[in-house]
Amino acid sequence: MRQTNRRIVLAARPVGEPKPSDFRLEEVPIPEPGPGQLLLRTLWLSLDPYMRGRMSDAKSYAKPVEIGEVMTGGTVSEVVRSHDPTFAPGDIVLGMTGWQEYAVAEAGGLRKLDPSAAPVSTALGVLGMPGMTAYTGLLNIGQPKPGETLVVAAAAGPVGSLVGQIGKMKGCRVVGIAGGAEKCRYLLDELGFDAAIDHRAPDFPERLREACTKGIDIYFENVGGAVWDAVFPLLNEFARIPVCGLIANYNMTELPPGPDRTPQLFRAILTKRLTLRGFIVWDFAAQTKEFVTEVGQWLREGRIKYREDIVEGLENAPDAFIGLLKGRNFGKLLVRVAS
Ligand SMILES: NC(=O)c1ccc[n+]([C@@H]2O[C@H](COP(=O)([O-])OP(=O)(O)OC[C@H]3O[C@@H](n4cnc5c(N)ncnc54)[C@H](OP(=O)(O)O)[C@@H]3O)[C@@H](O)[C@H]2O)c1
């Protein structure tokens, strides 16, 4: 066992795109668990777009990471020492212990995983927070019906890929938007989407229009920006728009130039009777059991697929995270911190 703990802390609040110097790798003594606590060794660290929000001190739904504090993050870890009777050394647990190799955690904040049920890394992806986001956002807000057209952005990622696959199961025509030919091919060939459109193509709005001849009934919003601009004119009456993420805006330092289009948006909301509803996954926490049971079942039956993008070593987390905000990842982005 390593004698010290390596961890990555927030060194500075990014202005625009995060850069390597906004993070700092530190080596500190391994912490000692107190009564009721556990010492954990991180196996997997999840990298997610929401972390960009935590690096900023703008008011949001969650408190920011402080300067000098360990970067927040979901983890799968092995119990090294336990001062709680419900956990034993060797148990594998899901927690929020952040960007570090070892952590002390309260037993109450951990969930024991069963490695025989599914690969434990899936607890951070298809069977974890991103999967739950897709499942609850689409079913509660999107309310898919057979024959409807569902468009999903960031479609090759963990949220978007599950949204599209559930949409197919519910009988929708599914159009995915992703960056680049390889991701688009994956949506068509592996996930069975009906169409896949590259948002980087110069004629992206026209291609989207051609793929949505009957307009759009559900738009699962993960991106905002130019993708929203192309989707907006295609929305049908009574379209539902689960507003899940706006990754195109996360590094924005000021409002984009141009005319104020709020009146146009409100006019469409009124005349087309649109439903736009923002949500945070934990709004639907009461559905966790239903999600794990149903999606776990689909996974075992081979009805849904998932893809992981694995980065080796904690020290590579900042670069991988910077890449996530630019679409460099292909699938659920995970750091293998230890085997
Ligand atoms: N509301 C919630 O509770 C909740 C929970 C989880 C996630 N989310 C949100 O859901 C979205 C997807 O999350 P995820 O974990 O599945 O991430 P992800 O798809 O693995 O990664 C984000 C993807 O966004 C795309 N992207 C980045 N900048 C873009 C831009 N300017 N225009 C178009 N696409 C861009 C990139 O894919 P391409 O290469 O395809 O462009 C990138 O790979 C994010 O907005 C995230 O914040 C919300």
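All values below were derived from every heavy atom in this structure, side-chain atoms included, with hydrogens, water molecules and symmetry-related copies excluded. Atoms within a ligand are numbered from 1 in the order they appear, just like the ligands themselves.
- Taking a 6.0 Å sphere around CZ of R307, one finds it holds more than 12 heavy atoms contributed by other residues, nucleotides or ligands.
- Near A178, meaning under 4.0 Å from any of its heavy atoms, are these atoms of ligand 1: 40 (O).
- For the 3.5 Å distance criterion, the side chains of Q287 and N140 qualify, holding a donor opposite an acceptor.
- Using a 3.5 Å distance cut-off with no hydrogens or angles, the side chains of D260 and T262 do pair a donor with an acceptor.
- If you check the side chains of N236 and D217, you find a donor sitting under 3.5 Å from an acceptor.
- Heavy atoms from both the backbone and the side chain of P158 come within less than 4.0 Å of ligand 1.
- Under 4.0 Å is where a charged nitrogen must lie from a carboxylate oxygen, and between R328 and D319 at least one such pair does.
- The N/O atoms of F279, backbone and side chain alike, include one that comes under 3.5 Å of an N/O atom in ligand 1.
- When only non-hydrogen protein atoms are considered, atom 17 (O) of ligand 1 lies nearest to P49 CG, 3.6 Å.
- By the criterion of a heavy-atom distance under 4.0 Å, the side chain of Y250, and not its backbone, is placed next to ligand 1.
- Any N or O atom pair closer than 3.5 Å counts here, and N329 shares at least one such pair with ligand 1.
- Among N222, D198, L162, the residue whose heavy atom lies closest to atom 44 (C) of ligand 1 is N222.
- Closest to atom 32 (N) of ligand 1 among all protein heavy atoms lies V223 CG1, 3.4 Å.
- Looking at I280 next to ligand 1, no N or O pair under 3.5 Å apart turns up.
- Protein heavy atom nearest atom 34 (N) of ligand 1, with residue, atom name and distance: H199 NE2, 3.4 Å.
- Scanning the protein heavy atoms around atom 42 (C) of ligand 1, the nearest turns out to be G327 CA, 3.5 Å.
- Residues S46 and K332 bring a donor and an acceptor atom of their side chains to less than 3.5 Å of each other.
- Counting heavy atoms from C-beta outward, E101 and T4 have side chains that stay 4.5 Å or more apart.
- Atom 48 (C) of ligand 1 has its nearest heavy-atom neighbour, among G224, C244, G128, in C244.
- Backbone and side-chain nitrogen or oxygen atoms of K183 are examined, and one is located within less than 3.5 angstrom of a nitrogen or oxygen of ligand 1.
- Of all the heavy atoms of L324, the ones lying under 4.0 Å from any atom of ligand 1 are found in both the backbone and the side chain.
- In this structure, L246 is part of the shell of residues with a heavy atom less than 4.0 angstrom from ligand 1.
- Remark: distances from the non-hydrogen atoms of L333 to ligand 1 are all 4.0 Å or more.
- Residue Y50 has no nitrogen or oxygen atom sitting less than 3.5 Å from a nitrogen or oxygen atom of ligand 1, judged on distance alone.
- Each of the following atoms of ligand 1 lies closer than 4.0 Å to a heavy atom of G245: 9 (C), 45 (O).
- A cation-pi arrangement is not found for R240 relative to Y219, the charged atom failing to lie both closer than 6.0 Å to the ring centre and inside a 45° cone about the ring normal.
- Contacts with ligand 1 closer than 4.0 Å are made by heavy atoms of both the backbone and the side chain of V281.
- For a threshold of 3.5 Å applied to N or O pairs, the pair formed by V159 and ligand 1 contains at least one separation below that value.
- Contact annotation: K332 has no heavy atom less than 4.0 Å from any atom of ligand 1.
- For the 3.5 Å distance criterion, the side chains of T75 and T42 fail to qualify, holding no donor opposite an acceptor.
- Atom 5 (C) of ligand 1 has T133 OG1, 3.2 Å as its closest protein atom, hydrogens excluded (heavy atom only).
- At a threshold of 4.0 Å, the pair R81-E32 counts as salt-bridged, since one of the basic side-chain nitrogens sits closer than that to a carboxylate oxygen.
- With a heavy-atom cut-off of 4.0 Å, M129 touches ligand 1 through its side chain alone.
- Shown here is K272, whose NZ atom has more than 12 heavy atoms of other residues, nucleotides or ligands within 6.0 Å.
- The residues R13 and D57 are annotated as salt-bridged, a charged nitrogen and a carboxylate oxygen being separated by less than 4.0 angstrom.
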*Between L45 and L314, is a side-chain contact (heavy atoms from CB on, under 4.5 Å) present by the stated rule, with each step listed?*
CA-CA 8 Å; L45 164 67; L314 181 72; 4.1 Å; yes
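- Of all protein heavy atoms, the one closest to atom 23 (C) of ligand 1 is A154 CB, 4.0 Å.
- Close contacts of ligand 1 with G179, meaning ligand atoms under 4.0 Å from a residue heavy atom, involve 38 (P), 39 (O), 40 (O), 41 (O).
- Among all non-hydrogen protein atoms, the one lying nearest atom 19 (O) of ligand 1 is G157 CA, 3.2 Å.
- Checking Y135 against E290 by side-chain atom types alone, a donor-acceptor pair falls below 3.5 Å.
- Within ligand 1, counting atoms from 1 as listed, the ones closer than 4.0 Å to a heavy atom of L325 are 27 (C), 28 (N).
- Each of E315, E26, E27 was compared with R6 under the side-chain hydrogen bond (donor to acceptor under 3.5 Å, both in side chains) criterion, and only E315 meets it.
- Aromatic ring orientation, F279 versus F284: tilted (interplanar angle from 30° to 60°).
- When all heavy atoms are compared, the tightest approach of K168 to G192 is CE-O, 3.5 Å.
- Using a 4.0 Å cut-off to heavy atoms of A248, the atoms of ligand 1 that qualify are 30 (C), 31 (N).
- For atom 26 (N) of ligand 1, the nearest protein heavy atom (residue, atom name, distance) is I247 CG2, 3.6 Å.
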